[in-house]
Amino acid sequence: MSIEENRLKVYVETYGCQMNLADTEIVLGIMNKSGYSPTQTIDDADVVLLNTCSVRDHAEEKIHQRLGVIKKQMSEKPELVVGVLGCMAERLRSNLIERHNVDIVVGPDEYRKIPQLLEGALSGSQGIGVRLSRTETYDDITPFRAEGVSAWLSVMRGCDKFCTFCIVPFTRGRERSRTLSSVVSEVEQLVAQGFREVTLLGQNVNSYNDGGSDFADLLAAVAGVDPNLRVRFTTSHPQDLSDKLIDTIANHRNLCKFIHLPVQSGSDRILEAMNRTYTREHYLALVGRIRARIPGVALSTDIIAGFPTETEEEYRETLSLMEEVRYDGAYMFKYSPREGTPAFRLGDDIPEGVKTRRLNEIITLQQKISHEVNQSVVGKTVEVMVDGASRKSDLQLSGRTGTNKTVVFPAGPFKPGDVVSVKIGRASSATLFGEIVEDFD
Ligand code: SAH
Ligand code: SF4
Ligand code: F3S
């Protein structure tokens, strides 16, 4: 048997946001160093980990069900170790052991403890690590990334905004930033490994701060690593998005002209109740400045329907804001009460049927707007980075523009990461379709 075959195999399922995807790679990096190998199939795993999300009740319910299924399917494999990581681990702690009899529960700031906790679990003792840290950034851990062209990279952790509906500040703890130099050297390694795109991640990247270097400084430094590396980032809080950051995006060709700028609501009273710390007017002025300085920029957003006490009129202000901004895309959610958040105390007074109707109308409006916005690209030639075969057919390739639009075109001699020119012939609300006009890689 080779050494490789002797190693215990770990299978991880990741739920929730991109931060969790990046964290899973950090966890695999830690475990790889301690003698575990990742596997893509649950059946040959010695350790099964679920990296979980608490942001809405629905997200948690899905995990509870999945844990039930895994425990049942694996009942004839009693030596299997099952663990819960991520935001649910932080929120529910020992309740997860009581409810599902899992072996380890580890929150986002204690991943270095996983090997030690697993050692205990493999010899039969359950373990918990859920302390939050003011300093942990996993700066020195090399994430274990699958080969590919696109990489995630967390540049900060935690959130200090305390929007009243949101569980994240409780599950992820206080804001802290990685050093600029460690981010830049990781990006240099990514380029050397063949990655062509990096997405810098944080719950609120605009709060990035490394001894006076702000997020604009970090973006400029990362953009400078390689002019052919595409650089993306998410998420921006509207309060902290500075003019300096807007100019930095405008001035670097390889910084993608795409900003995810969650608004949540179009009503000042609701924004205040959400503690979003900006008004509709401030937000619209910011959008105006972004559009004036970054021609062709694409914008997306997050919207919540049915926040406690939201009146019909206030909900309509969200619709009118959407009409005014005309987002390229949006993630839209029904309000979900999270125990322990300030909004929880307001109750959940909008009836389920009303929330559903509001959400559906919001989705319908956004689809119409996305469709119209995408029509304006028809006839134009766009620069597309190839991701791979399209979801529907091997005869077609799929890629993305700098503005984060998915483009589908007939397959040619291209590999993932190649940049090609595609002339757009038609567009739906979600996808642009076109033909290659030239490749300039
Ligand atoms: N840090 C990011 C968002 C993180 S959570 C930001 O501030 O933009 C992603 C999205 O989930 C939020 O923008 C919000 O729209 C939604 N969300 C968070 N908590 C929610 C809740 N309790 N109910 C419904 N949607 C919620
Ligand atoms: Fe949650 Fe607000 Fe922080 Fe985003 S900024 S993670 S919505 S508290
Ligand atoms: Fe979910 Fe935690 Fe991300 S709650 S959205 S996995 S920060």
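We count ligands from 1, going down the list as the structure has it; atoms in each ligand are counted the same way. Along the sequence shown, the residues carry numbers beginning at 1.
- The atoms of ligand 3 that sit less than 4.0 Å from any heavy atom of Cys53 are 1 (Fe), 4 (S), 5 (S), 6 (S).
- Between His100 and His64, the ring planes lie parallel to each other; the angle is under 30°, not in the 30° to 60° tilted range.
- For the atom pair CG (Asp247) and NE2 (His252), the distance works out to 11.0 Å, reported to the nearest 0.5 Å.
- If you look at Pro262 next to ligand 1, the close heavy atoms, those under 4.0 Å, all belong to the side chain.
- Shown in contact with Phe333 at under 4.0 Å from a heavy atom are these atoms of ligand 1, numbered in order with element: 10 (C), 11 (O), 15 (O), 16 (C), 25 (N).
- Side-chain polar atoms of Asn101 and Gln126 form a donor-acceptor pair below 3.5 angstrom.
- Side-chain contact of Thr164 with Asn275: a donor-acceptor pair under 3.5 Å is absent, judged by distance alone.
- For atom 1 (Fe) of ligand 2, the closest heavy atom belonging to the protein is Cys166 SG, 2.3 Å.
- One side chain, Glu314 or Thr311, offers a donor N or O that lies under 3.5 Å from an acceptor on the other.
- Only side-chain heavy atoms of Arg172 come within less than 4.0 Å of ligand 3; its backbone N, CA, C and O stay farther off.
- Remark: ligand 1 and Arg338 share no N or O pair separated by less than 3.5 Å (distance only, no angle test).
- When Lys334, Gln264, Arg276 are ranked by how near their heavy atoms come to atom 24 (C) of ligand 1, first place goes to Lys334.
- Taking any N or O of Gln203, backbone or side chain, at least one lies under 3.5 Å from an N or O belonging to ligand 1.
- Thr309 and Arg269 are linked by a side-chain donor-acceptor pair at a separation below 3.5 angstrom, with hydrogens and angles left out of the test.
- Ser54 pairs with exactly one of Glu60, Glu90, Glu339 by the side chain to side chain donor-acceptor pair (under 3.5 Å) rule, that one being Glu60.
- In this structure, Tyr331 has its ring center under 6.0 Å from that of His260.
- If you check the side chains of Ser182 and Thr179, you find a donor sitting under 3.5 Å from an acceptor.
- Residue contact check: Arg276 has heavy atoms under 4.0 Å from atoms 2 (Fe), 7 (S) of ligand 2.
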Begin with the C-alpha distance, continue with both residues' side-chain angles, and end with the deciding distance and a verdict on side-chain contact (heavy atoms from CB on, under 4.5 Å) for Leu261 and Asp302. CA-CA 7 Å; Leu261 196 63; Asp302 292 347; over 6 Å; no
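- Atom 3 (Fe) of ligand 3 has an N, O or S atom of Cys17 under 2.8 Å away, backbone or side chain.
- Side chain to side chain, Ser213 and Asp210 fail the donor-acceptor criterion of an N or O pair below 3.5 Å.
- When heavy-atom distances to ligand 2 are checked against a 4.0 Å cut-off, Pro262 has no atom that comes that close, whether in backbone or side chain.
- Considering only non-hydrogen protein atoms, atom 3 (Fe) of ligand 2 sits nearest to Cys159 SG, 2.2 Å.
- No N or O atom of Ser236 sits closer than 3.5 Å to an N or O atom of ligand 1.
- Put simply, no part of Arg172 is less than 4.0 Å from ligand 2, judged by heavy atoms.
- Note that Arg56 lies in the cation-pi zone of Phe333, set by a 6.0 Å cut-off to the ring centre and a 45° limit from the axis.
- Looking only at protein heavy atoms, the nearest one to atom 10 (C) of ligand 1 is Asp302 OD2, 3.3 Å.
- For atom 11 (O) of ligand 1, the closest heavy atom belonging to the protein is Arg56 NH1, 3.1 Å.
- Of the candidates Met274, Gln264, Gln239, Lys161, the one placing a heavy atom closest to atom 5 (S) of ligand 2 is Lys161.
- Listed for the Asp46 side chain is a donor-acceptor partner under 3.5 Å among the backbone atoms of Lys9.
- The protein heavy atom nearest to atom 4 (S) of ligand 3 is Ser54 N, 3.3 Å.
- In this structure, Ser207 and Ser177 approach most closely via the heavy-atom pair O-OG, 4.4 Å.
- Contacts with ligand 2 closer than 4.0 Å are made by side-chain heavy atoms of Val168 only, the backbone lying farther away.
- In terms of protein heavy-atom proximity, atom 5 (S) of ligand 1 is closest to Val55 CG2, 3.9 Å.
- Counting atoms of ligand 2 from 1 in the listed order, those under 4.0 Å from a heavy atom of Pro169 are 8 (S).
- Looking only at heavy atoms of the protein, atom 8 (S) of ligand 2 is closest to Cys163 N, 3.3 Å.
- Note on ring orientation: taking the six-membered ring where Trp is involved, the planes of Phe170 and Phe162 are perpendicular (angle over 60°, cut-offs 30° and 60°).
- Residues Phe344 and Phe165 place their aromatic rings such that the two centres sit no closer than 6.0 Å.
- Between the side chains of Glu13 and Tyr15, at least one donor-acceptor pair of N or O atoms lies under 3.5 Å.
- Residue Asn20 approaches ligand 3 through these ligand atoms, each under 4.0 Å from one of its heavy atoms: 6 (S).
- If you look at Ile304 next to ligand 1, the close heavy atoms, those under 4.0 Å, all belong to the side chain.
- Counting only non-hydrogen atoms, the option in Glu175, His237, Gln203 that gets closest to atom 6 (S) of ligand 2 is Gln203.
- Looking only at heavy atoms of the protein, atom 22 (N) of ligand 1 is closest to Ser336 O, 2.7 Å.
- Residue Phe162 has at least one heavy-atom neighbour below 4.0 Å for each of these atoms of ligand 2: 8 (S).
- Polar contact check, Thr235 against ligand 1: no nitrogen or oxygen pair lies under 3.5 Å apart.
- Close contacts between ligand 1 and Tyr335 involve ligand atoms 23 (N), 24 (C) [criterion: under 4.0 Å to a heavy atom].
- At a 4.0 Å heavy-atom cut-off, ligand 3 touches Cys87 through the side chain alone.
- At least one N or O atom of Phe165, backbone or side chain, sits closer than 3.5 Å to an N or O atom of ligand 1.
- In this structure, a donor-acceptor pair under 3.5 Å is present between the side chains of Asn51 and Thr24.
- For the 3.5 Å distance criterion, the side chains of Asp214 and Asn209 fail to qualify, holding no donor opposite an acceptor.
- Every atom of ligand 2 with a heavy atom of Phe165 under 4.0 Å away is listed here by number and element: 7 (S).
- Shown in contact with Gln203 at under 4.0 Å from a heavy atom are these atoms of ligand 3, numbered in order with element: 3 (Fe), 7 (S).
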